[in-house]
Number of protein chains: 2
Amino acid sequence: MDLKNVTMKDIARYTGVSTATVSRVLNDNYPVNIETKQKVLKAIEELNYEPNLVAKNLRSRKSNLVAIVVADIKNPYYISIAKEIDDYLFEEGYNLITCSTDESIEKETDIIRLLLSKQIDAVAIAPSDSEKSKLTELIKKHVPIVLVDRKIDDLSIPFVGTNNFKEAYNLTEYLIKKGHEKIGVMTGKLNTSTGKERLKGFKMAMENHGLTVDEKWIFNGDFEEIQAYEVLSQFLKNKQDLPTALVSCNNLMTKGTMLALNEHSIRIPEDISIVSIGVMENHEFFSTKITSVEQDTSFMGKKVAELLLSQLQNKQKLKNIVVESAFIKGNSVKELN
Amino acid sequence: MDLKNVTMKDIARYTGVSTATVSRVLNDNYPVNIETKQKVLKAIEELNYEPNLVAKNLRSRKSNLVAIVVADIKNPYYISIAKEIDDYLFEEGYNLITCSTDESIEKETDIIRLLLSKQIDAVAIAPSDSEKSKLTELIKKHVPIVLVDRKIDDLSIPFVGTNNFKEAYNLTEYLIKKGHEKIGVMTGKLNTSTGKERLKGFKMAMENHGLTVDEKWIFNGDFEEIQAYEVLSQFLKNKQDLPTALVSCNNLMTKGTMLALNEHSIRIPEDISIVSIGVMENHEFFSTKITSVEQDTSFMGKKVAELLLSQLQNKQKLKNIVVESAFIKGNSVKELN
DNA sequence: TATGTAATAGTAAACGATTACTATAAGCAC
DNA sequence: GTGCTTATAGTAATCGTTTACTATTACATA
């Protein structure tokens with residue numbers, strides 16, 4: 001039974017009115033005789049009618065779908081942002097779909113094309129490449145966008161994120177004040193705003209304190225755990241001399257770093273000090289808690305949702321939102337003074 | 001510019017053929033003259049045509065949307081499963097939308113209704129209540145379902161999960177073998193299969209070893225961190241005597257438990273031993289690593305995806321899949337012998 | 001009485017794709 | 001020439017809604 005869905009047509013036939021009237025009852029946007037209305041509502045109840053949103057969407061040229069496109073949706077940082085956005089948008093009748101680009105610009109481009117085909121209503125995105133991202137495709141079709149975490153300067157798209165330069169600067173300075181001079185950095189992807197700015201912050205802090213950055217301690221990470229693990233493992237395998245401290249440019253790479261150090265029995269902070277931009281899950285239970293800065297992802301998600309909704313509802317207020325991040329003091333930094 | 005999307009009609013007009021022909025070129029499912037075909041393809045290129053999937057979906061009565069409905073999509077356990085499903089389905093042209101019920105049956109019912117309206121193609125679900133879940137609504141509309149993690153017995157729906165009874169039994173027995181007799185349990189929701197079976201496993205292990213279960217050490221959790229934290233905090237505030245060991249019935253509650261114990265300066269395992277069904281993120285870095293069983297969520301996700309796809313593609317093979325879980329030995333259990 | 005307007009409801013055209021039918025022409029066998 | 005098949009392509013219906021038009025009635029106003 002019930003092989004075919006009940007449609008407005010069925011309701012119309014059942015009650016002897018036109019589909020237009022049924023639609024009007026459902027949307028309550030046009031005067032309908034009270035008795036007719038009740039008859040229709042009764043039929044809807046009896047036949048267990050449920051609207052077909054695909055049809056509705058075709059007619060309205062919308063999809064009630066919003067996407068969040070990030071490098072890796074398994075990253076707790078993005079998860080937390082996404083969940084918050086989802087909660088807010090769900091209230092307004094939107095569903096969120098999450099897309100991971102795995103930092104590949106090709107995949108990101110494919111995803112954007114697919115989203116356009118799906119008539120996506122809005123997109124929150126952390127572009128995997130600040131130059132090559134095909135955001136113009138979205139702009140051309142007037143799809144509202146919010147940049148999350150990663151910025152793109154030339155396009156005037158609202159942005160929600162943190163002050164990456166400052167985060168890196170402060171953490172590096174913290175190390176310096178503890179007496180560290182031989183400091184390395186595990187960088188993020190340098191074709192993203194976050195990667196660039198964090199490295200810049202690191203270098204500036206070094207420079208301002210008259211320290212030079214040793215090239216061999218600049219580890220080229222890509223924001224992912226594996227790469228950080230491998231780059232550092234390679235370095236350690238060659239028995240090169242370690243810096244006394246290392247700045248890790250995101251949470252995933254901090255994990256990769258810790259795993260590599262663990263494997264070589266290098267202790268934190270006895271043998272090397274670590275600071276991290278971004279926290280690891282459950283770090284409060286760690287034997288060595290990593291000193292880090294923590295972003296308020298719930299707040300960020302909320303702000304992203306607000307910016308998305310304000311664009312969807314044409315209440316344009318397109319300002320950028322830079323969220324302050326918190327300093328978390330752990331015990332991963334050795335006092336050298 | 002480009003306010004309106006380019007449609008097949010535009011391509012048809014531009015090339016002087018009918019929309020039927022354009023459709024045939026695009027789908028390559030009907031003979032089209034080679035020159036006509038090239039002309040159409042050229043127009044598609046030039047006008048930058050992209051298909052409208054909403055229209056396609058209306059016509060085909062599908063949505064290319066699959067949903068995963070769980071208590072809390074922020075739970076790393078579900079995230080990992082979801083990500084795996086997403087990856088597999090994306091390859092086949094489906095998008096995954098994630099829905100959190102927050103363990104509320106009302107919310108779950110609303111979600112199911114919404115999904116039906118969206119013409120959802122398939123649903124993976126961990127029902128928030130094994131009795132009251134409105135899966136019949138989905139079944140009535142012939143929407144393929146896969147039960148994830150939580151089972152429902154009477155409906156014959158394929159299931160992917162673990163042997164919850166055995167997991168609880170083994171962990172409890174492990175404690176007993178270490179000499180523990182005063183053992184408590186932080187239960188999950190008892191209106192779910194996982195909650196019920198884990199408690200049953202715990203009780204059976206106790207019984208089989210001639211131990212009695214003290215009611216005051218049965219803590220009524222609901223699988224969520226907060227509830228576990230609060231129930232235990234309340235207990236500790238009343239200065240009641242502790243069991244020597246506690247079985248926690250999922251990862252989130254283990255966290256709540258640890259937080260509550262921390263706050264009261266109760267040490268693991270010196271003051272109380274803890275075992276957990278399910279692992280916490282990054283537990284490899286914990287000062288006290290919790291002895292637990294770990295589910296292979298990637299494998300589970302893969303199996304769920306397979307079952308979903310096989311139903312979507314009518315290759316019915318509806319067997320249940322029970323995944324073996326791994327025993328992780330930590331240092332959270334004190335030897336009492 | 002003539003006229004304006006509000007309530008009520010139906011008709012039919014959209015939205016953008018797919019496809020069952022139908023039609024034409026060409027090629028081939030007899 | 002007749003009949004059959006195949007390649008090719010158009011027409012128009014369809015998926016399930018919404019809505020611009022149009023139409024009718026009732027009632028108030030001048």
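Heavy atoms only: backbone and side chains are in, while hydrogens, waters and symmetry mates are out. First the proteins, then the strands, lettered A, B, ... as listed; each starts at 1. In this text the structure is predicted, and so the values were computed from the model without any measurement.
Partners of B/Glu92 under the salt bridge (charged side-chain N to carboxylate O under 4.0 Å, His left out) rule, at least two apart in sequence or in another chain, do not exist in this structure. Remark: B/Lys39 engages no residue in a side-chain hydrogen bond (donor to acceptor under 3.5 Å, both in side chains) (not counting sequence neighbours). For B/Arg61, there are no side-chain hydrogen bond (donor to acceptor under 3.5 Å, both in side chains) partners, not counting sequence neighbours. When the salt bridge (charged side-chain N to carboxylate O under 4.0 Å, His left out) test is applied to B/Glu106, no partner is found at least two apart in sequence or on another chain. Taking the salt bridge (charged side-chain N to carboxylate O under 4.0 Å, His left out) definition, one finds that A/Lys83 meets it with A/Asp87, sequence neighbours left out. A/Lys74 pairs by the side-chain hydrogen bond (donor to acceptor under 3.5 Å, both in side chains) definition with nothing, not counting sequence neighbours. For the side-chain hydrogen bond (donor to acceptor under 3.5 Å, both in side chains) test, no residue two or more places apart in sequence or in another chain qualifies with A/Asp222.
Near-neighbour residues of DNA chain C inside residues 52-59 of chain B, defined by a heavy atom below 4.0 Å, number-ordered: B/Asn52, B/Ala55, B/Lys56, B/Arg59. Listed by residue number, the members of residues 17-25 of chain A with any heavy atom below 4.0 angstrom from DNA chain C are A/Val17, A/Ser18, A/Ala20, A/Thr21, A/Arg24.
Side-chain contact, B/Glu108 with B/Ser133: a donor N or O sits under 3.5 Å from an acceptor N or O.
Note: CG (A/Asn29) to P (C/dT8) measures 14 Å, nearest angstrom. Here the P atom of nucleotide C/dT8 and the CD atom of A/Glu35 are 11 Å apart, to the nearest Å. Computed from coordinates, the A/Lys118 NZ to C/dA17 P distance equals 15 Å when rounded to whole Å. Spacing between atom CG of A/Asp28 and atom P of C/dT8 amounts to 12 Å, rounded to whole angstrom units. The CE-C1' distance, from A/Met8 to C/dT11, rounds to 14 Å in whole Å. In this entry the distance linking CG of A/Asn64 with P of C/dC15 reads 19 Å, nearest Å. C/dG16 atom P lies 16 Å from atom CD1 of B/Ile44, rounded to whole Å. In this structure, A/Ile34 atom CD1 and C/dA9 atom C1' are separated by 16 Å, rounded to whole Å.
First and last contacting nucleotides of DNA chain D toward chain A (any atom under 4.0 angstrom from a heavy atom, 5' to 3' order): D/dG16 to D/dC21.
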Report task. Determine, stepwise, if the pair A/Glu137 / A/Arg113 fulfils salt bridge (charged side-chain N to carboxylate O under 4.0 Å, His left out). Result -> CA-CA 8 Å; A/Glu137 297 295 313; A/Arg113 193 188 317 281; 5.8 Å; no
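Put simply, the side chain of A/Thr192 gets close to the backbone of A/Lys189: a donor and an acceptor are under 3.5 Å apart.
Closest non-hydrogen pair, A/Ile145 versus A/Ile157, comes out as O-CG2, 3.5 Å. Nearest heavy atoms, A/Pro158 versus A/Asn320: CA-OD1, 3.5 Å.
With DNA chain D read from its 5' end, the first of the two nearest nucleotides for A/Thr7 and A/Tyr30 is the one closest to A/Thr7.
An angle of 60°, rounded to 10°, separates the two end axes of the helix from C/dT1-D/dA30 to C/dC30-D/dG1, each defined over five pairs.
Sorted by first and then second residue, the salt bridge (Lys or Arg N to Asp or Glu O under 4.0 Å) pairs with a member in residues 142-161 of chain A read A/Glu103-A/Arg150; sequence neighbours excluded.
For the pair B/Ser60 and C/dA17, the criterion of a side-chain N or O lying under 4.0 Å from OP1 or OP2 is not met.
The number of heavy-atom neighbours closer than 6.0 Å to CD of B/Gln313, taken from other residues, nucleotides and ligands shown, is above 12.
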